[in-house]
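Data block below; observations after.
All ligand and atom numbering here is 1-based and tracks the order in the structure. For reference, positions follow the sequence shown, starting with 1. Side chains are part of it too, since the values below use all heavy atoms of this structure and drop only hydrogens, waters and symmetry mates.
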Amino acid sequence: MDTILIANRGEIAVRIIRTCRKMGIKSVAVFSEADRHAPFVAVADLAVFIGESAPSASYLDGDKIIETAQKVGADAIHPGYGFLSENADFAKKCAAAGLIFIGPNAEAIAAMGSKSKAKALMAAHNVPIVPGYQGEDQSEERLAAEATEIGFPILLKATAGGGGKGMRIVENEAQFQKALQAAQREAQSAFGNAEMIVEKYIASGRHIEFQIFGDKHGNAVHLLERECTIQRRYQKVIEESPSPVMSAELRERMGKAAVDAAKALNYDNAGTVEFIYDDKSGEFYFLEVNTRLQVEHPVTEEVTGLDLVQMQIESAQGLPLSIKQAEVIGKGYALEVRLYAEDAANDFLPVTGVIERFEVPAVEGLRVETAVENQSKITMFYDPMIAKLIVWDKNRAGAHRKMKYVLRHLVCLGMTTNKDFLLLLLNHPDLLSGNYNTHFIKEKIDLATLQRPPAPHLAKACIAATLWDWQQRNERRGVLAAMPSGWRNSWYDYQQETFLYEAEICRVKYRFETENQFLFWVNDVSFQVRLTAVESGKIQVEIDEMVYLFNMVNNGQHFFIHQEHFGNITLVQKERFPAKVVEKVKGGFDAPMPAQIIKILVETGQKVKAGDGLIVLSSMKMENTICTEEDGVVEEIFVMEGASVEAGFLLLKVG
Ligand code: ADP
Ligand code: ADP
Ligand code: MG
């Protein structure tokens, strides 16, 4: 295999390209309109435009992708996850076109494409399945009768489902009809198929999955488990390995069931067998097999030291597995969190926008899988995942501590993300103790606490924004160097700024004292402040003797602020002066507001004509040019360039 085309985008494309490079394989990226400037396009050895932004016109257009693969002389296609990765027809078409599909055989994909067929097959191979009904009779009467037989609560699932769609918990018989219709409607629109299976609802369940791997020679192993119980909307947020509830004995039994599942499918590539583990009874049941590389595969790589993408490429080429079950040894502990562009406080709705700044801290044992950089757009077209952060440590407590550190120091500014939500999760004592089930987020996490930073944090953010703005003005003006050390004139009066934090008004008053010192009042609480350093995108401020480093992005009226101790805060600056105004006054010319003298345009004794500029002032963001309305002679000038004056200060006189 010399050339692999990657039929995917984003972080997973970057991940696959990395292994291609390591193996000396040429990587070919395909991209849509929206991704033309995406980093994965830049890092591939070759990139080919394949169509419009909508997935159906690009990443889901199998024929176009195969045609492109042939055009560039690719030997194989890696589908990543999502998109065409679990599309058996696509896998077959690849084979027909003489291309290797890097994934399991098409029959295995097809067999697992239907939850009902998958369960039947697993049951036939003695893999424990969730008690339930997965028959062909889809009449409401039959489904209702089966639900009653199983015993409420039950779970309705779309046979063709995935990604948590088309699922409904039904608590009792009375709710059944309505829930069924809703689930069917959702399934029909998402998958074009309204068929349902009915399952016993495991009230206190944990999602524990096993990574499996097979080759074309009948070998199959599992690569230990991943615990993915922390979910919202039936979708994973945090993944870890090993599971806190795993014992050697349980691993032995579940691992065997996973390998049995693989063998039942003649499984010949990377896959994941998902189980639901009943906390109460200690029983586990088969849920489904995901016939692809999983989003959370790095967790397994970190504890086993294996490169799953390399193993996929080798298996697809027909090479035998290079590892035996007994050689699979988990070392230490790995934890992954998914950073999403979503609003946790608003029912986890995905959000779009621009990531103005993205900076990960340098922490040993941190692995970052992402495809964003400064200015990356999160568009409406694709998944809102921004990055996966994976940490490894010798033990669980160490990894959790590290992850919290990483999240606190991660700079991801410009749009709403679930970063603070992830920290809220990790800070919960039950998460660290491993005492949770799939309802953890709903039952134990108070999303209201995400709403508002405490007042002292808000005040510090306002100070940072004010100083950042002040500093930017100084730089633009070019009068002062990076630091205001040479500026000796003191302000006669307070400067004022107003910021909005959501609907809340924060009033800032400040006065420049000496050197780098300021006196601040935020909503009438006073602070002693020093501006101690400024570098690109960062400002260091000493507030009442404590030193804080702020990461700053200023975009128009918006200040996106990150500080490791209190996370992200977005402030909106209220403009005090609506637009650049030209002052026209007669005789004596006063400063209309506290200001700094930027430039004096005239000399004493100079003749001036109506409309001529006399002096340029600067205040807050605005520059004002004072002009004369009438012809005359400059009689006296009372200020010098660089000086600061209060409002009403007499600047000069024209007679
Ligand atoms: P599951 O939660 O069933 O294990 P995964 O977490 O492995 O599934 O992720 C699969 C999901 O990833 C898909 O359901 C889809 O929402 C999302 N996805 C699909 N394609 C992409 C992509 N190219 N980039 C990011 N996310 C994707
Ligand atoms: P999908 O194909 O959408 O990933 P799954 O069957 O894997 O569907 O289920 C998704 C999630 O729903 C699981 O991770 C688990 O949290 C929950 N779940 C699934 N089946 C059950 C069940 N029988 N009882 C309780 N929770 C379940
Ligand atoms: Mg699943």
Side-chain angles (χ1 to χ4, degrees), residues 81-82 85-87 109 111-123 127-134 143 146-147 149-171 179 183 186-187 189-191 193 195-212 225-240 243 245 254 258 261 270-297 338 348 383 436-444:
Y81 54 73
S85 61
E86 295 182 275
N87 185 320
I109 299 176
M112 294 296 105
S114 146
K115 287 194 196 293
S116 57
K117 293 207 189 87
K119 282 183 82 174
L121 180 70
M122 290 304 150
V127 178
I129 59 169
V130 188
Y133 170 74
Q134 50 272 342
L143 293 172
E146 293 287 351
E149 172 77 24
I150 296 161
F152 289 93
I154 60 98
L155 186 61
L156 288 168
K157 278 189 193 173
T159 306
K165 287 203 200 87
M167 303 212 324
R168 283 290 184 289
I169 301 170
V170 192
E171 303 288 348
E186 196 173 308
S189 78
F191 313 111
N193 177 339
E195 263 176 56
M196 289 287 141
I197 63 171
V198 189
E199 275 185 3
K200 171 131 202 77
Y201 184 68
I202 311 295
S204 183
R206 300 178 78 106
H207 175 118
I208 300 178
E209 60 186 32
F210 275 71
Q211 176 71 48
I212 53 166
E225 79 278 5
R226 289 183 294 252
E227 162 92 49
C228 311
T229 297
I230 305 300
Q231 305 182 343
R232 46 111 184 74
R233 306 166 159 214
Y234 306 112
Q235 287 172 356
K236 300 155 188 167
V237 189
I238 298 183
E239 296 107 343
E240 50 185 320
S243 159
V245 296
M254 291 184 83
T272 294
V273 184
E274 296 186 337
F275 295 103
I276 184 130
Y277 171 84
D278 188 340
D279 245 2
K280 296 282 177 290
S281 67
E283 298 292 322
F284 64 89
Y285 309 98
F286 170 86
L287 280 181
E288 64 169 342
V289 178
N290 292 322
T291 53
R292 54 171 156 86
L293 187 68
Q294 201 96 332
V295 173
E296 58 273 23
H297 76 276
R338 299 190 190 189
F348 302 101
D383 195 274
Y436 48 76
N437 62 28
T438 55
H439 307 296
F440 177 77
I441 291 174
K442 206 166 32 176
E443 289 174 358
K444 305 248 174 101

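Checked by distance only, ligand 2 and Leu287 stay at 3.5 Å or farther apart across all their nitrogen or oxygen atoms.
Closest to atom 16 (O) of ligand 2 by heavy atom, among Lys115, Gln231, Arg206, Lys119, is Gln231.
A salt bridge is absent between Glu240 and Arg226: the closest approach of a Lys/Arg side-chain nitrogen to an acidic carboxylate oxygen does not fall below 4.0 angstrom. Lys236 has a carboxylate O that lies under 4.0 Å from a charged side-chain N of Glu274, or vice versa, which qualifies the two as a salt bridge.
The aromatic ring centres of Phe275 and Phe284 sit less than 6.0 Å apart.
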Intermediate values then yes/no, side chain to side chain donor-acceptor pair (under 3.5 Å), Gln134 and Lys119: CA-CA 8 Å; Gln134 50 272 342; Lys119 282 183 82 174; 3.3 Å; yes
Could you walk me through whether Met122 and Met112 pass side-chain contact (heavy atoms from CB on, under 4.5 Å), step by step? CA-CA 10 Å; Met122 290 304 150; Met112 294 296 105; 3.8 Å; yes
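Near Tyr201, with a cut-off below 4.0 Å to any heavy atom, the atoms of ligand 2 are 24 (N), 25 (C), 26 (N). Atom numbering of ligand 2 starts at 1 in the shown order; those under 4.0 Å from a heavy atom of Leu155 are 18 (N), 19 (C), 20 (N), 21 (C), 22 (C), 23 (N), 27 (C). In the vicinity of Val130, heavy-atom distances shorter than 4.0 Å reach the ligand 2 atoms 23 (N). Near His207, meaning under 4.0 Å from one of its heavy atoms, ligand 2 places the atoms 13 (C), 14 (O). Every atom of ligand 2 is numbered from 1 in the order shown, and the set under 4.0 Å from a heavy atom of Met167 is 12 (O).
For the Mg ion (ligand 3), the nearest N, O or S atom contributed by Glu288 is named OE2.
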